[in-house]
*Asks:* 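Encoded as structure tokens, here's the structure I'll be asking about.
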There are 2 protein chains.
Amino acid sequence: MTDHASAADTGHVQPLEPRQLEAYFVLLEAVSLLQHAVEQHLRAEGDISYVQFQLLARLFHAPGPLTMTQLADGVVYSRSGLTYQAGLLEKAGLITRGPCPDDERATRVTLTDAGRDLFHHVLPGHVRLSRRLLFDPLSDDDVDHLGDIMTRVRDHMRAQPPRSAAPRKRRTATPALPAEAAT
Amino acid sequence: MTDHASAADTGHVQPLEPRQLEAYFVLLEAVSLLQHAVEQHLRAEGDISYVQFQLLARLFHAPGPLTMTQLADGVVYSRSGLTYQAGLLEKAGLITRGPCPDDERATRVTLTDAGRDLFHHVLPGHVRLSRRLLFDPLSDDDVDHLGDIMTRVRDHMRAQPPRSAAPRKRRTATPALPAEAAT
DNA sequence: TATTGTTATACTCTATAACTATA
DNA sequence: TATAGTTATAGAGTATAACAATA
């Protein structure tokens, strides 16, 4: 029974409480449904993705222009991904990129009038949709509690060390099998 | 002021309560972070995506084989997407596809031993990760409430009529602009 | 006719690595 | 050396439409 597996230590892990498991899966499922609906709406109404909407929203709510890095924050997980999205938004005339006076390395991203307009154009439907899908079945208390819970979770996750969690890379077509040798 | 916009009726929409807005954004942000971490773990540990993990999980928890349609349920939003994923899983030896005795049109999907093994191989780390990221900062009450809330939301969304929500398709590179004429 | 599933195809998005330039 | 950003490129994933076969 001392099968200390190679990388993952497939040893004894307390299984999740049934309620935890349920909460976990239903959370991801519900958000997935919500995301999908939101994506469809944004695409139909403004021809943007949710990521792009987030970027516009960040610029909209910021006091002024942002650098690429500031813009990326919780939205995109790779530098090149952001450059790609910013390229699309710029090509569409929704943002502008220029040099940053403070730091010559940085790029200053500015929301254009068209970007602001598009945001305003898309927002009401977005609000309606989120209300219809997410808030209709919830009480005010639920909303408060949900916001509180997810804020704590987010802050907790942000505080976590990166933990690259990847012992090694697999490139084979065959998925990693659970060490038959350990039997 | 009677600018009844074309499709979206950009008229007066009660803005969301600040708390609602915050709950909405923080929900999506936190889940996005969680998803990203989970995806990375699954890829590193078992070379599968979260979608593929969900498919394996559905098969694992089902009493027996499932048809493609049953398998797709909340996981994938297009038929071809499922065929694609099933193709990958089959190529990796994790599932098997065969004719369905009940309905000659359907495909019977079966989890192989290797699929079961991979699921078991990946699960402990998955549980550890979800615990570390999601459950650590939450009390038992929080978890109960979260599960309850998201269950209601999910059921509500599933009960919603499809509402194709897309007045028309846009294919232009230029995003839909908010009717400058209406100014 | 409606449903189940597959295929072909086009497209979006993401990530890695190599690169440039500034701090 | 470290940070900010871009580029090239490759790969994963998704969706639409056309299709075949069965109910």
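Protein chains get the first letters and strands the later ones, always in sequence-line order, with residue 1 at the start of each. All values derive from a computational prediction rather than experimental measurement.
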*Asks:* Residues in side chain to side chain contact (heavy atoms under 4.5 Å, CB included) with A:Val75, at least two apart?
*Replies:* A:Val51, A:Gln54, A:Leu55, A:Arg58
*Asks:* Whole-Å distance between D:dT14 C1' and B:Tyr50 OH?
*Replies:* 18 Å
*Asks:* CD of B:Gln35 versus P of D:dG13: gap in Å, rounded?
*Replies:*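 Between P of D:dG13 and CD of B:Gln35: 14 Å.
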*Asks:* Can you sort out the partners of B:Phe119 under ring pair (Phe, Tyr, Trp, His ring centres under 6.0 Å), two or more places apart, ordered by chain and number?
*Replies:*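 If we apply the ring pair (Phe, Tyr, Trp, His ring centres under 6.0 Å) test to B:Phe119, skipping adjacent residues, the hits are B:Phe53, B:Phe60.
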*Asks:* State which residues pass side chain to side chain donor-acceptor pair (under 3.5 Å) with A:Glu17; sequence neighbours excluded, sorted by chain then number.
*Replies:*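 Listed in chain order: nothing, the list is empty.
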*Asks:* Taking NE2 from B:His36 and P from C:dC13, how many angstroms apart are they, rounded to a whole number?
*Replies:* 16 Å
*Asks:* From CG of A:Asp47 over to P of D:dA15, roughly how many Å is that when rounded to an integer?
*Replies:*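 From A:Asp47 CG to D:dA15 P: 16 Å.
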*Asks:* Can you run down the ring-ring contact (aromatic ring centres under 6.0 Å, His included) pairs that involve residues 66-114 of chain B, sequence neighbours left out, and say none if there aren't any?
*Replies:*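 Those involving residues 66-114 of chain B are A:His36-B:Tyr77.
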*Asks:* Quick one: A:Glu39 CD to D:dG13 C1', roughly how many Å, whole number?
*Replies:* 13 Å
*Asks:* Restricting to ring pair (Phe, Tyr, Trp, His ring centres under 6.0 Å), what partner residues turn up for A:His145, sequence neighbours left out?
*Replies:* B:His145
*Asks:* In whole angstrom, what separates B:Gln40's CD from D:dA12's C1'?
*Replies:*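 These atoms are roughly 15 Å apart.
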*Asks:* Verify the contact: side-chain N or O of A:Gln85 to OP1 or OP2 of C:dT14, cut-off strictly under 4.0 Å; return yes or no.
*Replies:* yes
*Asks:* Please state how far atom CG in B:Leu88 lies from atom P in D:dG11, giving the value in whole angstrom units.
*Replies:* 14 Å
*Asks:* Which nucleotide sits closest to the side chain of B:Ser78: D:dT14, C:dA15, C:dC13?
*Replies:* D:dT14
*Asks:* If the sugar-phosphate is the primed atoms plus P, OP1 and OP2 and the base is the rest, what is the B/S/- string for nucleotides 3-8 of chain D, using protein heavy atoms under 4.0 Å?
*Replies:* BBBBBB
*Asks:* Looking at A:Gln52, I'd like to know whether one of its side-chain N or O atoms comes within less than 4.0 Å of OP1 or OP2 on C:dT12.
*Replies:* no
*Asks:* Can you see whether B:Asp148 engages B:Thr151 through a side-chain donor-acceptor pair at a distance of less than 3.5 angstrom?
*Replies:* no
*Asks:* Do the rings of B:His126 and B:Tyr50 sit parallel, tilted or perpendicular, given the 30° and 60° boundaries?
*Replies:* parallel
*Asks:* Would you mind reading off the distance between B:Leu55 atom CG and D:dA12 atom P, rounded to a whole angstrom?
*Replies:*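 Value for this atom pair: 17 Å.
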